[in-house]
There are 2 protein chains.
Amino acid sequence: MSVRTSLPNAAATVSMEQVPQVSASLPLAGGKGTPLQHPLGPLTPLEISESASLITALWPTNTSIQFKTITLYEPSKTDLTPFLIAERSGQPRPVVERRSFVVYYIRNTEKLHEAIVSLSHGKVQSNLRLGQYVHGSADGEEIVEVERVALADEGVKAEIAKLQLPEGTVVISDPWPYGSDGVNEGGFSDEKRLFQCFLYVRDPNNSSEADSNHYAMPLNISPVISYETMKVIRIDYLPTGADNTAKPPSSYKVQPPNEYIPEAQNLRTDLKPLNVIQPEGASFQVSKFSELGHTISWQKWNFKIGFNLREGMVLYDVHYAGRPLFYRLSLSDMNIPYADPRHPFHKKAAFDLGDAGAGVMANNLQLGCDCLGSIHYLSAVLNNDKGEPYDMPNVVCIHEQDNGIGWKHTNYRTGRAVVVRNRELVVQSIITVANYEYILAFQFNQAGELMYEVRATGILSTQPIDEGISVPFGTVVHPGVLACHHQHIFSLRVDPMIDGPLNRVVYDEAHAMPRSEFNPHGNGYSVIETPITHSGGYDLDFDANRVFKIQNSAVKNPVNGKPVAYKIHVPPFQKMLSDKESFNFKRAEFADHNIYVTSYRDDELYAGGKYTNQSRGGTGVRAWANRKDNVLDEDIVVWVQFGINHIPRVEDFPVMPCEVLKVSLKPVNFFDKNPSLDVPPSLQSFNKSTLVSVGESAVESTGNVCCEGKSSKL
Amino acid sequence: MSVRTSLPNAAATVSMEQVPQVSASLPLAGGKGTPLQHPLGPLTPLEISESASLITALWPTNTSIQFKTITLYEPSKTDLTPFLIAERSGQPRPVVERRSFVVYYIRNTEKLHEAIVSLSHGKVQSNLRLGQYVHGSADGEEIVEVERVALADEGVKAEIAKLQLPEGTVVISDPWPYGSDGVNEGGFSDEKRLFQCFLYVRDPNNSSEADSNHYAMPLNISPVISYETMKVIRIDYLPTGADNTAKPPSSYKVQPPNEYIPEAQNLRTDLKPLNVIQPEGASFQVSKFSELGHTISWQKWNFKIGFNLREGMVLYDVHYAGRPLFYRLSLSDMNIPYADPRHPFHKKAAFDLGDAGAGVMANNLQLGCDCLGSIHYLSAVLNNDKGEPYDMPNVVCIHEQDNGIGWKHTNYRTGRAVVVRNRELVVQSIITVANYEYILAFQFNQAGELMYEVRATGILSTQPIDEGISVPFGTVVHPGVLACHHQHIFSLRVDPMIDGPLNRVVYDEAHAMPRSEFNPHGNGYSVIETPITHSGGYDLDFDANRVFKIQNSAVKNPVNGKPVAYKIHVPPFQKMLSDKESFNFKRAEFADHNIYVTSYRDDELYAGGKYTNQSRGGTGVRAWANRKDNVLDEDIVVWVQFGINHIPRVEDFPVMPCEVLKVSLKPVNFFDKNPSLDVPPSLQSFNKSTLVSVGESAVESTGNVCCEGKSSKL
């Protein structure tokens with residue numbers, strides 16, 4: 001959760017009287033000084049407030065409403081496409097109704113609602129009470145409150161007392177979403193919205209250090225809190241041995257701390273500065289297409305970027321050299337099921353986007369800390385639980401990076417080498433999910449390639465383990481600390497428009513040719529292309545060199561007549577290990593295939609379904625794929641899954657070196673030659689590198705020659 | 001082939017009278033001013049000359065000897081290990097005999113010899129005539145001569161005449177190693193050492209451009225040249241249709257050119273400079289451990305680097321924080337079989353290291369073109385065909401790079417973020433194999449990880465194809481030009497010494513637990529470790545999350561008692577598609593498994609065997625693995641295979657954007673915590689980044705707000 005800053009009250013308290021005026025300005029008719037709203041522009045502070053006011057007005061005065069989401073309700077593709085085409089061609093743009101999507105609770109009840117508000121018309125279009133087993137995401141205010149409730153509870157205090165912690169020890173409570181497996185076990189009704197908390201202590205010998213790593217000191221007490229009553233309804237003891245016995249708390253043994261903060265380290269002193277300097281500034285341009293939406297142009301790429309509570313960054317209308325590539329791109333979902341089958345750990349299976357939100361957890365990025373070079377930051381405005389807008393400053397950073405050589409060839413006959421570097425544009429957001437961090441980045445290169453990179457870092461979610469015990473479902477990373485194995489399974493949603501709206505997915509495979517008169521020596525092999533005709537889940541097969549391509553069969557490459565395409569390079573991952581009867585499996589509807597292909601439908605954005613918290617499944621991509629729709633030369637959506645089965649190492653503690661995952665969308669017979677051919681060659685006059693020369697040699701007594709680098713600028 | 005520069009004659013003509021004096025100084029006994037030779041030091045110019053002289057002296061005067069390899073014959077591990085241990089501990093080092101390894105022909109005969117020369121004793125220790133079917137690699141002088149012979153041949157000229165090329169057209173001949181499949185087909189004896197040439201023309205409309213890309217204009221004539229006679233023994237016509245019919249040459253249709261040189265492009269003008277500046281210099285140190293061998297230290301890493309004709313860069317004695325990790329690391333082999341089964345294309349199956357050499361083909365790297373920042377270059381000295389030393393300047397570059405965030409955590413309760421960047425050391429060499437380039441780099445990071453990166457770039461090896469034809473074994477990349485599918489299969493040789501000389505390889509797999517009282521909800525899963533007891537070939541299995549680890553079972557992690565290990569992260573690849581009866585398959589002994597594990601034996605360095613040119617198989621890693629040696633807690637070697645099945649895209653022509661492959665060796669329970677914990681935090685005061693601020697907004701007529709970045713230094 002990021003720390004929230006409320007906007008000035010003026011914005012939050014906009015009165016209903018003002019609304020019609022604001023609404024009237026929205027269909028892009030306004031003149032100078034009017035905040036024009038584009039159909040894809042993230043909601044403005046005024047629009048957030050207006051949406052909240054319209055919802056509040058539906059209910060009796062003094063009804064306490066807890067707003068979960070107040071976000072842009074994106075126009076249907078039918079409405080938006082003509083708008084975007086007109087916009088690109090400079091034609092008059094049709095009016096598109098501007099709407100917001102609102103999810104809210106009547107506070108401390110199970111009454112969850114989903115509403116659509118027309119901002120253009122200043123009214124609530126629909127307001128739906130959602131059924132049983134549908135639960136809203138957590139929000140920051142709620143999480144802070146759950147932490148407080150857990151620690152203030154007398155029963156919890158009594159359990160903590162049994163630990164006989166040193167005087168002044170600070171106990172920390174990490175609330176977790178409550179997984180769906182094991183509903184109603186042990187007589188507890190888990191059909192209600194619940195939180196489970198895991199407790200830790202800060203280093204008792206350094207209690208004043210607020211950034212002490214409490215994950216090095218887990219306790220075996222886990223309170224469960226009801227959302228409805230905001231009370232502790234149960235206190236679980238955690239099993240700490242090799243079996244599922246859960247012992248009551250007893251005298252806590254204080255182990256050494258394991259801190260990540262720099263003042264606790266003996267820092268290296270031999271790392272010299274490395275500065276990325278762009279003396280003429282950055283090569284990208286950023287402009288606003290709406291009050292909070294931005295258009296980014298860089299090296300023939302052009303796209304819009306939005307930002308919302310759930311997905312964080314969203315790219316729209318991605319073009320290269322004027323040719324359409326992608327209608328919409330975003331991280332759609334993520335699931336992290338844990339390997340420990342014992343109560344209550346079996347419930348650890350978080351959907352970080354659906355249960356909380358990549359946008360709302362985005363870091364406020366700091367200049368020169370999170371990236372190097374010439375950096376531009378974008379800020380966002382989201383909603384808090386009271387329906388007020390609040391600022392999320394610097395949630396996206398944009399910069400260029402050098403990623404080594406782009407291409408090179410030396411003509412050995414003449415000795416002439418031509419080399420170009422691989423400059424990339426990085427559009428990055430970093431999210432903190434309590435203990436864990438994800439660094440999420442869209443990357444673009446000069447060869448027409450679009451990449452999505454995830455770096456997993458942060459701190460492992462830990463649990464206590466008795467000394468001398470080892471278990472096959474986790475790694476002891478510190479005395480008394482078990483880091484359980486867990487899977488991270490991501491789903492990237494790719495809504496393509498490769499040279500137009502109608503696309504297909506095909507896969508290529510390479511197969512050995514049988515021996516024949518044509519293949520007398522047995523070395524021949526062929527590539528066979530197979531189109532996917534119906535929606536479904538599909539898998540990689542490295543033994544067949546299977547490669548999925550998104551193709552426009554109506555547009556042929558001028559050189560070889562093959563349909564233009566973008567291929568998907570995605571690393572393999574182990575599919576979800578939870579068995580098919582588990583709720584883990586049923587809920588994570590994307591976790592069983594590398595690729596899903598579905599027909600496009602408005603409002604199908606999240607692979608795990610719209611409401612993942614304590615979900616039961618059946619509302620995500622697996623369900624949509626099961627429609628068995630025709631996906632051949634249709635408006636389709638491609639869902640690309642990837643992940644890690646994280647078997648923790650001691651080296652991943654107390655903070656984990658980044659694990660990097662990368663998906664790449666690469667042109668295949670889309671261009672008529674290497675699209676980076678026109679990148680200027682890499683020359684010293686441009687790059688200004690420095691020769692580290694070997695100084696005068698001095699023969700040491702050991703026979704070594706000492707020649708520590710002496711810098712000399714060329 | 002790189003352009004060679006001979007050393008001053010003084011070195012090349014060192015007389016035999018001087019040799020005893022030089023030899024006497026070699027066993028590290030020499031005083032000041034004597035070039036001390038370390039057992040791992042690459043051969044010095046004097047040693048190369050001395051070796052050649054000793055070999056020449058074996059033969060009657062005026063025998064023309066063609067030297068293929070004059071290189072360091074590395075000491076046996078038994079001899080070298082005590083030396084290295086003594087060296088690290090500062091103890092007196094034992095004397096190790098210094099020897100060279102020489103491969104040579106009696107010129108223009110099939111008489112190939114392999115000799116071992118004792119430089120310490122100034123004599124030839126062994127001199128072996130190698131048997132039938134064993135052929136030496138190609139060398140640069142020979143390749144130039146083969147090119148010349150092919151084009152000077154009257155028969156070839158007559159065939160070229162049939163093409164009726166425009167006046168002044170320049171024909172280019174690319175010699176290729178001659179594959180082994182199809183021996184004796186059509187009555188030709190292919191048991192002799194042969195070359196096949198593929199012919200091209202430079203753009204006839206721009207004949208004076210020596211760097212015109214001739215691969216855009218392939219001809220259908222392929223002369224075959226005998227090494228023994230240096231004459232054309234056969235002229236093949238190339239099939240250019242969909243079947244295996246090969247038509248004689250006829251009137252050549254000049255198609256448009258497809259150039260990669262910058263003066264042929266309309267270059268982008270919107271890329272701004274990006275400079276990597278290290279104001280305090282580089283963080284690494286380079287010293288000499290011998291005349292041509294270097295020790296590199298950086299961020300707790302310490303290793304030696306050598307360089308030889310075949311492998312190029314070799315790392316020795318790699319330590320981290322004083323702990324041994326790897327005895328020796330190098331790219332061991334590479335095979336590139338092509339998919340076209342038709343004569344004579346079925347013979348295209350190059351072993352770029354064994355048939356030519358990664359060292360001898362290394363580029364002379366240019367400051368600020370091949371990498372950015374503060375760069376140190378290493379040069380090498382190899383041998384030419386006359387047995388003379390010659391300089392290979394700047395064949396290795398060493399520099400640091402920033403690779404994004406190393407780790408980050410934000411304490412959401414306090415808002416404090418700690419972030420460190422991921423600085424890497426890159427030790428890089430780039431090789432040009434006629435049309436193709438490989439960028440080869442060992443990379444090291446601050447988290448104890450060692451990576452090997454290959455970037456494949458350069459120009460596709462092309463062949464002619466008739467207009468309107470498409471084939472399933474290649475891609476038309478330009479009018480009349482087919483780029484055949486081909487596999488690149490690499491073998492990285494890892495000779496480990498994880499905390500000591502005796503290691504084992506184990507693999508971890510993650511498996512779902514069956515449902516039980518312990519796993520009532522079906523979410524549990526466990527990791528099972530399986531040791532490899534006998535040498536053999538082993539494969540990845542992503543469905544089981546199989547991960548191979550090199551382990552020292554005798555050394556336990558202090559935190560969790562698990563054996564210390566390094567795991568191997570290697571991307572999957574499609575195994576060789578040539579069938580098991582083909583010579584392609586028999587020769588590429590590493591191409592059928594992701595991992596080979598063998599017991600260590602001196603002299604087993606090259607996965608495809610010592611002599612790959614027209615080889616028959618049976619002399620490489622598959623054969624060694626078949627010994628079924630015990631490899632449990634022994635001195636072992638691990639061979640890591642990876643590759644690409646390159647299905648060319650139009651975008652890969654006329655020069656290919658880099659395809660990047662990366663192998664990673666990562667600590668697993670080797671350290672007692674994150675080894676990069678002591679990296680200083682990433683701060684603006686150190687990084688000196690620049691804020692690209694949004695300038696004053698100007699509302700455009702389209703409603704967009706223009707805010708092209710205005711740089712302001714913070």
Side-chain angles (χ1 to χ4, degrees), chain A residues 1 3 36 181 210 262 265 267 272 275 277 280-281 283 285 288 339 341 346 368-369 374 376 407 409-410 412 414-415 432 447 457 472 476 512 519 521-526 542 545 560 572 574 577-579 582 645 649-650 657 668-669 678 680-682 684 687-690 692 703 705 711, chain B residues 1 3 36 181 210 262 265 267 272 275 277 280-281 283 288 339 341 346 368-369 374 376 407 410 412 414-415 432 447 457-458 472 476 512 519 521-526 542 545 560 572 574 577-579 582 645 649-650 657 668-669 678 680-682 684 687-690 692 703 705 708 711:
Chain A
M1 301 297 128
V3 175
L36 297 183
D181 276 301
Q265 319 302 331
L267 294 177
K272 307 226 174 123
N275 307 144
I277 304 295
E280 300 174 20
S283 314
Q285 288 88 43
K288 287 191 175 185
H346 71 284
C369 303
S374 293
H376 181 67
W407 54 262
H409 182 59
T410 302
Y412 76 87
T414 65
T432 295
T457 179
V476 173
N519 178 34
H521 307 293
N523 72 298
Y525 68 89
S526 307
F542 289 95
N545 202 51
N560 60 19
Q574 188 176 30
L577 280 158
S578 299
D579 73 25
S582 66
N645 187 343
R649 316 171 290 163
V650 170
V668 185
N669 302 319
D678 60 351
S682 174
Q684 169 63 1
N687 295 330
K688 298 199 173 14
S689 292
T690 301
V692 179
V705 175
S711 290
Chain B
M1 301 301 126
V3 176
L36 296 184
D181 277 301
Q265 317 302 331
L267 293 177
K272 307 224 174 126
N275 307 143
I277 305 295
E280 298 174 21
S283 314
K288 288 191 175 186
H346 71 283
C369 304
S374 293
H376 181 68
W407 55 261
T410 301
Y412 76 85
T414 64
T432 295
T457 179
V476 173
N519 178 34
H521 307 292
N523 73 296
Y525 68 89
S526 307
F542 289 96
N545 202 51
N560 60 18
Q574 189 177 30
L577 280 159
S578 298
D579 74 23
S582 66
N645 187 345
R649 315 171 291 162
V650 170
V668 186
N669 302 320
D678 60 352
S682 174
Q684 168 65 0
N687 295 330
K688 300 200 172 11
S689 292
T690 300
V692 179
V705 176
E708 183 160 345
S711 289

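In this text, all values refer to a predicted model and were calculated from it rather than measured experimentally. A note on names: the letters A, B, ... follow the listed sequences, proteins ahead of strands, and every chain is numbered from 1.
Taking 4.5 Å as the limit, every side-chain heavy atom of A/L577 sits out of range of all side-chain heavy atoms of B/N545. The shortest distance between side-chain heavy atoms of A/D181 and A/S582 falls below 4.5 Å.
Heavy-atom pairs under 4.5 Å with chain B peak, among A/A512, A/A447, A/P572, at A/P572. Annotation: maximal heavy-atom pairing with chain B below 4.5 Å, among A/S682, A/P681, A/A339, occurs at A/A339. Note on A/N519, A/T457, A/N523, A/N560: by heavy-atom pairs under 4.5 Å with chain B, the leading option is A/N523. Heavy-atom pairs under 4.5 Å with chain B were tallied for A/S526, A/G368, A/P680, A/P657; the largest tally goes to A/G368.
Within the model, atoms OG1 of A/T690 and CD of A/Q684 stand 7.5 Å from one another, a figure rounded to the nearest 0.5 Å.
Closest approach of B/S283 and A/K272 over heavy atoms only: OG-N, 2.9 Å.
Heavy atoms closer than 4.5 Å to chain B are found in both the backbone and the side chain of A/A210. Of the atoms belonging to A/Q574, heavy atoms from both backbone and side chain fall under 4.5 Å from chain B.
Taking the six-membered ring for Trp and thresholds of 30 and 60 degrees, B/H521 and A/H346 have nearly parallel ring planes, at less than 30 degrees apart.
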